[in-house]
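Proteins come first, then strands; the chains are lettered A, B, ... in the order of their sequence lines, and each starts at number 1.
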Number of protein chains: 2
Amino acid sequence: MARRDEPPATTASPDAGAPHVRSDPVYVVKARLFRVLGHPVRIRILELLSEGERTVGDLQAELQVDSSGTSQHLATLRQQGVVESRRAGTSVYYRVRDPRVSQLLAVAKQILTSALSESHALLDELAEETPARSRRR
Amino acid sequence: MARRDEPPATTASPDAGAPHVRSDPVYVVKARLFRVLGHPVRIRILELLSEGERTVGDLQAELQVDSSGTSQHLATLRQQGVVESRRAGTSVYYRVRDPRVSQLLAVAKQILTSALSESHALLDELAEETPARSRRR
DNA sequence: TCTGAACTTTAGTGACTTCGAATATTTGGA
DNA sequence: TCCAAATATTCGAAGTCACTAAAGTTCAGA
């Protein structure tokens with residue numbers, strides 16, 4: 001392949017808190033955002049953070065994921081600018097940067113919910129039509 | 001790794017038009033949806049389809065992607081139940097299954113837009129504070 | 001200053017994706 | 001029936017991603 005060809009291109013701070021956006025076509029940036037959301041653990045992290053700030057340790061405990069894994073997923077979210085952190089003593093608090101991220105999760109849920117109920121309805125319909133026997137009369 | 005460990009588990013039709021959902025935790029299904037959206041070409045396909053039905057050939061031409069690639073991405077979207085198709089002669093028309101998908105794209109755009117303007121504002125601020133010389137007196 | 005706690009980063013290794021090319025399939029018409 | 005057009009599917013190479021394990025950092029308190 002030759003995916004994600006990033007020419008020596010534009011400048012970018014190592015990670016100044018600003019999202020990793022630089023000058024790529026919009027659809028590439030959008031895809032990057034979605035891709036970052038495309039992992040179960042990161043979805044759960046965002047759901048938890050939607051309720052409020054949490055430390056890495058808190059997340060770690062709730063997710064049942066070890067320190068390393070938690071940090072790595074947080075780093076991925078951070079690099080894309082989805083979450084941001086603040087240090088307090090030895091612990092680090094994370095929070096969602098843009099509340100609309102929760103909206104994204106909510107819409108996804110709606111989509112999946114209705115898809116699910118549709119296939120459910122389909123199943124019921126099939127059961128109605130092909131009951132093999134035991135059909136009311 | 002050991003990603004996506006799917007035990008011989010639940011039944012699933014080869015691809016009965018119903019989204020690939022089976023019995024997985026919600027966050028896994030959600031992640032799957034986002035992951036499918038996590039590719040530039042698929043984002044563009046969805047943007048085009050948001051405007052209305054299109055044949056594979058139409059998409060192919062607008063995306064500048066060859067037949068094979070277009071089909072593969074469409075297949076990915078189809079498997080997840082994001083789009084559905086209808087055949088008319090030798091060509092196949094695709095359409096978005098749930099209009100809320102467009103909403104997903106719109107929210108993503110908003111998030112990215114404001115993130116971008118934030119970092120823009122930050123840059124301006126820096127330019128204000130560190131003009132080296134030429135600062136208005 | 002030394003320690004421990006809380007995190008982060010790095011490195012190695014499979015698993016999964018994507019791509020391009022080649023090979024099917026399906027359908028309408030000659 | 002045979003062909004051509006429009007799509008799909010398959011396959012192998014090249015990449016990317018995520019997981020585990022093993023170091024690093026940073027900070028507070030003894």
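Salt-bridge annotation for A/Arg54 and A/Glu62: present, with a side-chain N of the basic residue lying under 4.0 Å from a carboxylate O of the acidic one. Salt bridge B/Glu84/B/Arg78: absent, no basic N to carboxylate O contact under 4.0 Å.
Regarding contacts with the backbone of C/dC19, a side-chain N or O of B/His73 is found under 4.0 angstrom from either OP1 or OP2. An OP1 or OP2 oxygen of D/dA8 is reached within less than 4.0 angstrom by a side-chain nitrogen or oxygen of B/Ser71. For C/dA6, neither phosphate oxygen OP1 nor OP2 lies less than 4.0 angstrom from any side-chain nitrogen or oxygen of A/Arg87. For A/His39 and D/dC19, the shortest distance from a side-chain N or O to OP1 or OP2 is below 4.0 Å. Contact annotation: A/Arg35 side-chain N/O to D/dT16 OP1/OP2 distance is not under 4.0 Å.
A donor and an acceptor atom, one from each side chain of A/Ser85 and A/Arg95, are nowhere located under 3.5 Å apart.
At the heavy-atom level, B/Ser67 lies under 4.0 Å from base atoms of the strands shown. Residue B/Gly69 is classed as having no contact, given no heavy-atom separation below 4.0 Å to the nucleic acid. Contact annotation for B/Gln60: no contact, since no heavy-atom pair falls under 4.0 Å across all strands. Using a 4.0 Å heavy-atom distance criterion, A/Thr55 is classed as a sugar-phosphate-only contact. Using a 4.0 Å heavy-atom criterion, one finds that B/Ser68 contacts the bases of the nucleic acid, with or without backbone contacts as well. Heavy atoms of B/Tyr94 sit under 4.0 angstrom from primed sugar atoms or phosphate atoms, though from no base atom.
Taking the six-membered ring where the residue is Trp, B/Phe34 and A/Phe34 present parallel rings, their angle staying beneath 30° rather than reaching 60°.
A donor and an acceptor atom never sit less than 3.5 Å apart when one is taken from the side chain of B/Gln72 and the other from the base of C/dT17.
With D/dA8, D/dT9, C/dT8 as the candidates, the nucleotide lying closest to the side chain of B/Ala75 is D/dT9. Picking from D/dA6, C/dT18, D/dT20 the nucleotide with the shortest atom distance to the side chain of B/Ser91 gives D/dA6.
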